[in-house]
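Values below: all heavy atoms of this structure, side chains included; hydrogens, waters and symmetry mates excluded.
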Amino acid sequence: MRNNENHPSKTRVELHSKDYKKKGRVLAWIISIIAILVVAAAAYSTYVYFKTKNAVDHTYDTNNRVEVKNGEFNGKKKFAVLLMGTDTGALDRTEKMGNTDTIILAVVNPEKKRYTLMSIPRDTMAQMVGSNQFRVEKINAAYSLGGARMSMASVSKLINVPIKYYALVNMGGIMKMIRYVGGINIRPTLSFEYGGYIFKKDKLTHMGGAGALAYSRMRYDDPQGDYGRQQRQRQVITTLIKKAVSVSTLSNLDSILSSISGNVRTNLPFNALQQIAVNYRGSAKTVKNDYLHGTTAEIDDASYQVQSTKELQRVSDYVRGELGLDPETINNNETYQNERNIQRGFSFTSSKTQNYKIYDDYTEEGGS
């Protein structure tokens, strides 16, 4: 099997809304790794329990610790976790703190026995909340600029929902895990070459760590672009989970947990993960998939996804409703910029790529 690198791309979020209505959606790297951890934690073996706890403790982000109140994960209360995947630590990528090209807000609603995966397109225009000065970037830059704290604050401000918890994993962790479980077998969803690897549609293919990452990373030759890539990521992750928790691979637990502890970060402590695993099983039966539907625009010669005020309000109302919060009218940098740009002729219904101007006179009150 060989691998290949294909380049230039455009983000066209609005062209693929039907793909996000399908149940086979990206779970994101992080939630899958956590699933492996809590399955192991739920095992009866004392050895497995303590080995797992030790690995999870090493993933805990003390700099962004938050108070977990008694009963917060009792199986009745609703909660949200920001899931992020960063493209570092694999395939010759050596940057220490990369952009988070997978950003999903997972919202768990035990009352309705479901969880929602609300995807935030990586090219979404957003204010970098917590920056020393007013700054607007693509939302995936928040982590590299200000870590998990800025990512949570920026997404929270974007859609006006409280976000306390996050989990992040890098590609290096995925590659190591696949290697330690002895590789995975997958039937590719389409035929393509990427970085020297060759994949044939529907042909059962054994993939090692690098091959699986190559399979899950290609997007420029996929007719569905980034959405096709996300579907392949989910395929890799779900296959990995099934194999990682099997009896045959649990014998390699030390290596698997070692790879996790060095490649995952979360501010959810071990006891919280345990409680989620035990108390929210019923909420995992049904998943609703949604995402911010953006409009492509050029900002300073770079392609962005700009979210209309109507779309931001739609997502905010939905997520707040799932969390049991009353709806609130969104009033942030994005709504302010939208109003100014509409005044100068920008249209969110146009099929053409338009120029979008950032006005730096925005204040927290929503104006100059």
Side-chain angles (χ1 to χ4, degrees), residues 7-17 19-20 84 99-105 118-146 150-161 219-220 224-227 230 290-319 328-368:
H7 289 301
S9 84
K10 289 184 184 179
T11 305
R12 285 287 185 270
V13 176
E14 66 275 17
L15 297 181
H16 300 284
S17 60
D19 298 315
Y20 269 80
M84 298 180 287
N99 291 344
T100 49
D101 288 341
T102 296
I103 306 172
I104 296 178
L105 185 64
M118 182 64 71
S119 293
I120 314 294
R122 64 181 196 164
D123 291 339
T124 296
M125 178 200 79
Q127 180 186 5
M128 299 291 100
V129 179
S131 176
N132 292 331
Q133 57 187 15
F134 177 72
R135 184 168 184 172
V136 172
E137 301 283 352
K138 295 179 180 181
I139 192 69
N140 69 339
Y143 183 75
S144 62
L145 292 172
M150 182 174 287
S151 293
M152 288 188 288
S154 298
V155 174
S156 176
K157 187 73 172 179
L158 179 70
I159 57 177
N160 190 31
V161 295
R219 70 186 174 106
Y220 301 125
Q224 299 181 60
D226 200 40
Y227 307 103
Q230 291 175 351
D290 200 350
Y291 75 112
L292 275 170
H293 299 62
T295 297
T296 302
E298 293 286 330
I299 301 177
D300 295 331
D301 297 323
S303 180
Y304 279 73
Q305 288 295 309
V306 179
Q307 310 297 335
S308 70
T309 298
K310 180 179 179 181
E311 176 64 1
L312 290 171
Q313 191 67 58
R314 178 190 74 83
V315 170
S316 178
D317 289 348
Y318 175 79
V319 174
E328 291 182 354
T329 300
I330 285 213
N331 181 21
N332 58 18
N333 167 69
E334 288 67 50
T335 62
Y336 175 70
Q337 302 296 340
N338 287 345
E339 181 180 1
R340 295 290 299 271
N341 276 273
I342 289 173
Q343 290 173 354
R344 61 187 287 269
F346 187 90
S347 173
F348 281 97
T349 61
S350 175
S351 59
K352 298 179 179 178
T353 299
Q354 307 163 80
N355 288 319
Y356 190 96
K357 178 178 172 57
I358 300 299
Y359 294 88
D360 59 9
D361 57 355
Y362 169 76
T363 69
E364 290 303 313
E365 288 69 40
S368 56

The side-chain hydrogen bond (donor to acceptor under 3.5 Å, both in side chains) partners of S154 (sequence neighbours excluded) come to none

Look at the side chain of N332 and the backbone N and O of L158, then say whether any donor-acceptor pair between them is shorter than 3.5 Å. yes

Tightest non-hydrogen contact, residues Y362 and Q127, listed as CE2-OE1, 3.7 Å

Any chance you could measure I120, atom CD1, to I139, atom CD1, to the nearest 0.5 Å? 7.5 Å

Can you name the salt bridge (charged side-chain N to carboxylate O under 4.0 Å, His left out) partners of E328, sequence neighbours left out? R320

Which residues pass the side-chain hydrogen bond (donor to acceptor under 3.5 Å, both in side chains) test with D317, sequence neighbours left out? Q313

Contacts of T329 that satisfy side-chain hydrogen bond (donor to acceptor under 3.5 Å, both in side chains) - sequence neighbours left out: none

Y291 side chain to I104 main-chain N or O, any donor-acceptor pair under 3.5 Å? no

Would you kindly say whether Q307 and T124 are connected by a side-chain donor-acceptor distance under 3.5 Å? yes

Indicate the atoms forming the closest heavy-atom contact of V129 with M150, along with that distance. O-CG, 3.3 Å

Side chains of N338 and V306: closer than 4.5 Å at any heavy-atom pair? yes

Can you measure from CG (L312) to NE2 (H293) and round to the nearest 0.5 angstrom? 12.5 Å

Kindly indicate whether the side chain of D361, heavy atoms from C-beta on, has any atom under 4.5 Å from the side chain of R340. yes

Nearest heavy atoms of P121 and S119, plus distance in Å: CD-O, 3.6 Å

T335 side, atom OG1; N160 side, atom CG - distance, nearest 0.5 Å: 10.0 Å

Interatomic distance, OH@Y356 vs CD1@I342, rounded to 0.5 Å, equals 7.5 Å

Return each pair, listed once, that meets salt bridge (charged side-chain N to carboxylate O under 4.0 Å, His left out) where at least one residue sits in residues 342-357; pairs must be two or more places apart or across chains. none

For E137, all residues meeting side-chain contact (heavy atoms from CB on, under 4.5 Å), sequence neighbours excluded: M128, R135, A141, L145, Y304

Contacts of K310 that satisfy side-chain contact (heavy atoms from CB on, under 4.5 Å) - sequence neighbours left out: S308

Taking Q133's backbone N and O only, do any of them form a donor-acceptor pair with S131's side chain (distance below 3.5 Å, no angle check)? yes

For K138, what residues pass the side-chain hydrogen bond (donor to acceptor under 3.5 Å, both in side chains) criterion, not counting sequence neighbours? none

Is there a side chain to side chain contact (heavy atoms under 4.5 Å, CB included) between R314 and D290? Walk through the geometry before answering. CA-CA 11 Å; R314 178 190 74 83; D290 200 350; 2.8 Å; yes

Between N355 and F346, which heavy-atom pair has the shortest distance, and what is it? O-CD1, 3.5 Å

Could you tell me if T295 and Q305 have a donor-acceptor pair between their side chains, going purely by distance under 3.5 Å? no

Taking the ring of Y336 and the ring of Y359, is the distance between their centroids below 6.0 Å? no

Any donor-acceptor pair under 3.5 Å from T296 side chain to T353 backbone: no

Look up atom CD in E334 and atom CD1 in I159, then write down how far apart they are to the nearest 0.5 Å. 11.0 Å

For the pair N140 and I103, evaluate side chain to side chain contact (heavy atoms under 4.5 Å, CB included) and give the outcome as yes or no after the intermediate values. CA-CA 8 Å; N140 69 339; I103 306 172; 4.3 Å; yes

I'd like to check the ring-ring contact (aromatic ring centres under 6.0 Å, His included) partners of Y318; sequence neighbours left out, ordered by chain and number. none

Shortest non-hydrogen contact from F134 to I358? CE2-CG2, 4.1 Å

Give a yes or no on whether the backbone of V161 and the side-chain of S156 come within a donor-acceptor separation of less than 3.5 Å. yes

Check the side chains of Q337 and N333 for a donor-acceptor pair under 3.5 angstrom, ignoring hydrogens and angles. yes

